[in-house]
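Counting starts at 1 for both ligands and their atoms, in listed order.
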Amino acid sequence: MKSVKEAQDTIIKFSKKGASESIAFEDCLNRMLAEGVFADRDAPPFDRVAMDGIAIQSEQLLKRQRFFIEDIQAAGQEQKKLKNPENCLEVMTGAVLPYNTDCVIPYERITIDNGIAALDSTAHKSFQNIHKKGVDAKKGDQLLPAGTWVHPGVKGVLATTGLTMVKVVKSPTIMICSTGDELVPIENKPLPHQIRRSNVYMLQAALKDLNIEAETTHLPDDKPKLKTAIKELLRDYDVLLFSGAVSKGKYDFLPVVFQELGVQIHIHGVKQKPGKPFLFGSQGEKFVFGFPGNPTSTLVCFHAYFKLWLKQHWGIKDILTFGHLDKDIVFNKPVTNHLLVMTSTEDGKLLAKPIANSGSGDWVHLALADAFLSLPSEQSEFKKGEIFPITYLHKNSF
Ligand SMILES: Nc1nc2c(c(=O)[nH]1)N[C@H]1C(S)=C(S)[C@@H](COP(=O)(O)OP(=O)(O)OC[C@H]3O[C@@H](n4cnc5c(N)ncnc54)[C@H](O)[C@@H]3O)O[C@H]1N2
Ligand code: MOO
Ligand SMILES: [Mg+2]
C-alpha cells in the first residue's frame with residue numbers, strides 16, 4: 001500500500017498539460033492560457049493625464065504662478081495643443097497629455113478665478129501626474145505567459161489587448177460513474193434497502209467549482225455489464241471518475257474489470273483514512289480514478305488526487321495553506337488522517353475546528369466541513385494550535 005506522498009507523486013507523474021482550444025473571451029474566466037499574450041500597442045498607449053487639473057509647461061514655473069486657461073482637454077478627445085506656453089489647458093484624468101505641456105497640477109493645488117488658474121506654489125516638477133507612454137509595456141512585449149490562470153485581473157489585460165477569442169487549455173472530457181445496486185436516482189423514493197446516488201452530484205459540483213462540466217451515469221454491480229459499459233466509456237471520455245466498487249466486497253468489481261480491460265493500475269490502496277481503497281489507473285492517454293464509495297472518502301480523494309492530476313492538466317492553482325488544529329486529537333493508526341474541519345480566522349490565524357462525525361459514511365456532517373487537515377501518519381497525538389496542511393473542499397471556503 002502506498003503512502004499519501006507516494007500516491008500523490010504517482011499522480012503527478014501521469015499528469016501533463018492538456019491540448020488547447022480557442023474560446024470566446026466571455027467564457028475564459030478560470031481557464032488556463034495555452035499561449036502567451038502580447039501587447040498590441042504600448043501601455044499606456046499615450047502620455048496619459050493621471051489627475052484632473054491643469055497642464056502647463058514646467059519651464060514656466062520659474063517665471064509665473066498664474067496661467068490663463070486656453071481650453072479643456074477631456075478624456076476621449078484627440079490630442080490638443082497648448083498654443084501659448086505661458087497659458088495652461090484644463091485636463092481630465094485619462095486624457096492625452098496636450099502637446100506642448102509636460103506637467104499636470106491637480107485642482108486641489110490651484111484656484112480658478114475669471115479663467116485664470118493660480119498655483120498654490122511653484123514646487124511642481126516636469127512629468128508629475130503623467131502616466132508615460134509605454135512605461136508599463138512596449139508594443140510586442142509579452143504581457144502574460146502561457147500557463148497563466150485567467151482571474152479578473154488577467155481578463156482585464158486580455159480585454160485591453162482586444163482578444164475576442166482566447167487560446168486556453170482544453171478541458172478533459174469526464175464521465176462520473178456511480179456503481180452499486182443499492183443506489184436510485186435522486187427523484188425516486190428509495191425502498192428501505194436503497195439510497196439515493198448522491199456522490200456523483202457531489203463530484204459534479206466539485207468539478208463545476210473548478211469551471212469543468214462533466215456528465216454522470218450509473219453502472220450496475222454486474223461484472224459483464226460493467227465491463228461492456230466501461231470499455232465504451234474509455235473510448236468516449238478522457239477521464240472516468242468512479243465512486244464505489246473498489247474495496248474488498250464480492251461486488252466490488254472495478255479493479256478486476258480494469259485489469260481485464262488492460263487498464264494499468266498504478267495505485268490501489270493508500271495509507272490514509274478515509275479513502276484507503278483509492279484506485280488510480282490509466283490506459284494510454286485515458287485515466288480512471290476509483291474513489292471509495294463512502295461519501296467522505298469520495299470527496300477527500302477527489303481533492304487529494306484528482307485535483308492534483310488536474311493541476312498540471314488544467315492548470316488550477318495550488319492553494320497550499322496551513323491551518324491551526326483547534327482541538328487536541330489522538331489518532332493511533334499509522335496512516336494519514338484527513339480530518340474534516342470547519343475553518344475560521346482569528347487574529348490572522350486560520351483555525352481548523354474538527355467536525356464530529358460517525359465516519360466516512362456520514363454524509364450528514366460532511367456538509368458542515370469546508371476543508372480537511374492532513375495529519376501525518378508518523379504522529380499519533382496532535383495538540384491544539386499545531387499547524388497542518390489544509391485542503392479546501394469548495395471554492396467559497398478560500
Ligand atoms: N473488508 C473490508 N471492507 C471494507 C474495506 C476494507 O478495507 N476491507 N474498506 C472500507 C472502506 S475504507 C471504504 S471507504 C469502503 C469503500 O467501498 P467501495 O469503494 O467498494 O464502495 P461501495 O462498497 O460500493 O460503497 C461503500 C458505501 O458507499 C455508498 N455509496 C457508494 N456510491 C455512492 C453514491 N454514488 N452515493 C451515495 N453513497 C454511495 C454505498 O452505498 C456504501 O454504503 O469499503 C469499506 N469496506
Ligand atoms: O477509508 Mo474508508 O475510505 O474509511 O471510508
Ligand atoms: Mg465495497
Side-chain angles (χ1 to χ4, degrees), residues 1-4 7 174-207 214-223 225-226 229-230 240-259 265 267-281 288-306 331-340 354-367 369 372-375 377 391 393:
M1 208 180 312
K2 284 185 161 51
S3 68
V4 169
I174 301 175
M175 178 61 94
I176 305 168
C177 315
S178 54
T179 60
D181 289 349
E182 74 281 26
L183 302 177
V184 296
I186 57 169
E187 59 275 18
N188 283 24
K189 190 169 165 36
L191 296 171
H193 55 279
Q194 296 176 326
I195 58 164
R196 296 191 177 97
R197 52 191 282 267
S198 55
N199 287 355
V200 288
Y201 298 101
M202 214 165 53
L203 292 172
Q204 197 178 34
L207 285 166
E215 295 170 64
T216 73
T217 189
H218 181 73
L219 306 173
D221 284 333
D222 175 299
K223 197 178 148 205
K225 284 187 184 155
L226 261 182
I230 293 174
L240 307 180
L241 303 182
F242 294 89
S243 128
V246 289
S247 188
K248 304 272 187 218
K250 282 268 158 22
Y251 306 96
D252 290 336
F253 290 127
L254 281 185
V256 62
V257 164
F258 288 146
Q259 264 164 10
I265 297 179
I267 303 171
H268 189 195
V270 180
K271 289 182 215 157
Q272 62 182 2
K273 191 170 170 54
K276 180 176 123 193
F278 170 68
L279 181 151
F280 167 66
V288 300
F289 289 77
F291 303 130
N294 280 325
T296 301
S297 311
T298 294
L299 196 58
V300 162
C301 287
F302 173 90
H303 285 279
Y305 302 106
F306 184 61
F331 184 75
N332 280 318
K333 296 197 179 105
V335 303
T336 301
N337 181 6
H338 301 300
L339 186 70
L340 291 181
I355 300 223
N357 62 45
S358 70
S360 59
D362 176 353
W363 67 84
V364 175
H365 293 94
L366 174 58
F372 60 86
L373 278 189
S374 294
L375 308 182
S377 54
T391 305
L393 292 170

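With values rounded to the nearest 0.5 angstrom, Leu279 atom CG is found 11.0 Å from Ser247 atom OG. With rounding to the nearest 0.5 Å, the separation of CZ in Phe372 from CG in Asn337 is 11.0 Å. Thr298 OG1 to Leu241 CG: the interatomic distance, rounded to the nearest 0.5 Å, is 10.5 Å. The CZ atom of Phe242 sits 8.0 Å away from atom CG of Leu226, with the distance rounded to the nearest 0.5 Å. Distance check, rounded to the nearest 0.5 Å: CG of Leu203 to OG1 of Thr216 gives 10.0 Å.
Here is the list of ligand 1 atoms found below 4.0 Å of a heavy atom in Asp252: 20 (O), 23 (O). With ligand atoms numbered from 1 in the order given, ligand 2 contributes 1 (O), 3 (O) to contacts under 4.0 Å with heavy atoms of Lys276. The atoms of ligand 1 that sit less than 4.0 Å from any heavy atom of Pro292 are 14 (S), 16 (C), 19 (O). Short contacts between ligand 2 and Asn294, defined as distances under 4.0 Å to a heavy atom of the residue, involve ligand atoms 5 (O). Remark: ligand 1 atoms within the under-4.0 Å shell around heavy atoms of Arg196 are 36 (N), 37 (C). Short contacts between ligand 1 and Ser198, defined as distances under 4.0 Å to a heavy atom of the residue, involve ligand atoms 36 (N), 37 (C). Against a heavy-atom cut-off of under 4.0 Å, Ser178 is close to the following atoms of ligand 1: 35 (N).
In terms of protein heavy-atom proximity, atom 5 (O) of ligand 2 is closest to Ser360 OG, 2.0 Å. Protein heavy atom nearest atom 1 (O) of ligand 2, with residue, atom name and distance: Gly275 N, 2.7 Å. Summary of contacts: the protein heavy atom closest to atom 39 (C) of ligand 1 is Asn199 ND2, 3.5 Å. Of all protein heavy atoms, the one lying nearest to atom 2 (Mo) of ligand 2 is Ser297 OG, 3.4 Å. Nearest to atom 11 (C) of ligand 1 among the protein's heavy atoms is Pro277 CG, 4.0 Å. At the top of the distance list for atom 8 (N) of ligand 1, counting protein heavy atoms only, stands Lys248 CG, 3.5 Å.
Residue Gly293 holds the heavy atom nearest to atom 25 (O) of ligand 1 of all those in Pro295, Gly293, Ser247.
Looking at Val246 next to ligand 1, an N or O pair under 3.5 Å apart turns up. Of the polar atoms of Gln272, none of the N or O atoms is found under 3.5 Å from an N or O of ligand 2, judged by distance alone. Considering backbone and side-chain N/O atoms, Ser297 never comes within less than 3.5 Å of an N/O atom of ligand 1. Of the polar atoms of Ile195, none of the N or O atoms is found under 3.5 Å from an N or O of ligand 1, judged by distance alone.
Legend: protein N/O/S atoms lying under 2.8 Å from the Mg ion (ligand 3), waters omitted, number 2.
Panel note: side chain Asn294, backbone Ser297; no donor-acceptor pair is recorded below 3.5 Å. Judged by distance alone, the side chain of Asn199 and the main-chain N or O of Gly293 form a donor-acceptor pair under 3.5 Å. At distances below 3.5 Å, not a single donor-acceptor pair connects side-chain atoms of Arg197 with backbone N or O atoms of Cys177.
Ring-centre distance between Phe280 and Tyr305: not below the 6.0 Å cut-off.
Within the structure, the closest approach of Pro274 to ligand 1 does not fall below 4.0 Å when heavy atoms are considered. Using a 4.0 angstrom heavy-atom cutoff, Lys273 does not count as in contact with ligand 1. Within the structure, ligand 1 has Ser243 among the residues with a heavy atom less than 4.0 angstrom away.
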